[in-house]
Amino acid sequence: MRTWRDIAVIINKKGLDGGLVLQWSAGLSCVLKQGQELYLVPPRMDAPREVHLCDEVSTSAAREVVFFSEIEDATVADRVCGCHVLIDENDIDIIDEAPMSAGIFVGWTLIDATLGEIGVVKDAEERFEQVLLYVNVTDVPHISGDVKLIPLVDDIIVEVDEASCKLTLDCPQGLFDI
């Protein structure tokens with residue numbers, strides 16, 4: 001039985017020749033080889049489900065333009081926008097678990113862009129798809145509980161201030177109600 005890993009999302013097409021902009025999954029650091037077999041999900045009408053890379057690709061940048069041999073024009077590229085890119089875990093060579101380990105945030109002050117200072121990160125757990133921060137909540141009005149579990153997602157990161165060890169997030173409304 002094969003085990004699949006979600007490595008990216010196709011966020012846009014690029015150019016008229018079938019180029020696609022991939023946003024890599026958080027914490028992924030690897031090199032994908034030319035000809036490597038990947039799968040696009042969910043399947044789309046009139047678009048390939050199995051694709052192969054035209055060139056070697058590194059996931060060192062957050063986003064990357066890639067070309068698949070089965071996607072030759074902008075029409076087909078447009079059909080697969082929004083698909084996730086999967087790879088068989090046996091076919092991936094991990095370089096590092098994450099470019100920046102989640103453990104770096106332990107002891108940092110967590111700040112919400114709307115509510116202000118929330119507390120101090122007491123632990124970080126690197127899950128398969130995302131990082132979870134365990135935050136000791138300080139005296140913050142309207143937030144109950146001593147510890148909150150906060151998903152660390154690229155889309156909500158406002159600022160990473162290494163000099164003062166402060167992480168500012170724009171947390172979704174209602175996250176602290178849980």
Side-chain angles (χ1 to χ4, degrees), residues 3-14 19-32 38-42 44 57-66 77-78 80-87 89 92-178:
T3 304
W4 300 97
R5 181 165 185 173
D6 186 348
I7 60 169
V9 175
I10 300 171
I11 58 172
N12 208 347
K13 65 181 176 183
K14 181 80 172 178
L20 296 163
V21 180
L22 298 187
Q23 180 169 330
W24 302 110
S25 298
L28 178 68
S29 185
C30 68
V31 174
L32 302 175
L38 303 167
Y39 289 87
L40 306 181
V41 294
R44 300 288 168 89
V57 176
S58 171
T59 63
S60 58
R63 295 179 178 175
E64 186 77 33
V65 176
V66 301
D78 196 42
V80 297
C81 285
C83 286
H84 288 254
V85 180
L86 304 182
I87 189 169
E89 283 208 335
I92 191 168
D93 295 324
I94 302 292
I95 296 173
D96 292 317
E97 194 55 35
M100 179 185 283
S101 171
I104 193 172
F105 296 117
V106 174
W108 284 37
T109 301
L110 179 75
I111 300 167
D112 179 71
T114 304
L115 300 174
E117 187 174 315
I118 301 299
V120 176
V121 178
K122 76 171 199 168
D123 196 9
E125 181 180 339
E126 294 186 37
R127 298 248 176 125
F128 192 63
E129 298 273 333
Q130 69 181 14
V131 173
L132 298 173
L133 301 177
Y134 293 84
V135 179
N136 280 339
V137 177
T138 53
D139 189 23
V140 181
H142 312 299
I143 298 179
S144 61
D146 296 336
V147 177
K148 290 293 179 182
L149 187 62
I150 310 296
L152 186 60
V153 182
D154 289 342
D155 292 344
I156 67 171
I157 297 174
V158 175
E159 182 181 8
V160 177
D161 184 351
E162 292 183 58
S164 61
C165 295
K166 292 183 179 178
L167 176 63
T168 304
L169 305 178
D170 186 12
C171 296
Q173 197 171 30
L175 180 66
F176 298 107
D177 298 337
I178 301 172

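These values consider heavy atoms only, across backbone and side chains, with no hydrogens, waters or symmetry-generated copies. Just so we're clear, the structure is a prediction, and the values are computed from it rather than from any experiment.
Using a 4.5 Å heavy-atom threshold, the side chains of F105 and L110 count as separate. Counting heavy atoms from C-beta on, the side chains of V137 and V147 never come closer than 4.5 Å. When side chains are defined from C-beta on, L32 counts as touching I7, because their heavy atoms get closer than 4.5 Å.
Here the closest non-hydrogen pair linking K122 and V106 is O-CG1, 3.7 Å. Considering all non-hydrogen atoms of both residues, V9 and G82 come closest at CG1-O, 4.2 Å. When all heavy atoms of K13 and V21 are compared, the closest pair comes out as O-CG2, 4.5 Å. A pairwise comparison of heavy atoms in R44 and C81 identifies NH1-O, 3.0 Å as the closest pair. In terms of heavy-atom proximity, C83 sits nearest to P42 at SG-O, 3.4 Å. Closest of all the heavy-atom pairs between P172 and I156 is CD-CG2, 4.4 Å.
Between atom OH of residue Y134 and atom CG of residue L149 there is a gap of 5.0 Å, rounded to the nearest 0.5 Å. In this structure, CD1 on I10 lies 11.0 Å from CG on D78, to the nearest 0.5 angstrom. For the atom pair H84 NE2 and L38 CG, the distance stands at 14.5 Å (nearest 0.5 Å).
Considering only residues two or more places apart in sequence or on other chains, D170 meets the side chain to side chain contact (heavy atoms under 4.5 Å, CB included) condition with A113, T114, V158. Partners of V66 according to the side chain to side chain contact (heavy atoms under 4.5 Å, CB included) rule, which considers only residues two or more places apart in sequence or in another chain, are L20, L22, L53, V57, E64, F68. Residues passing the side chain to side chain contact (heavy atoms under 4.5 Å, CB included) test with D161, sequence neighbours excluded: E159, A163, S164, K166. Every side chain to side chain contact (heavy atoms under 4.5 Å, CB included) that P151 has, sequence neighbours left out, goes to Q130, L132, V153, L175.
With L167 as reference, L133 is the one residue of I111, L133, T109 to meet the side chain to side chain contact (heavy atoms under 4.5 Å, CB included) rule.
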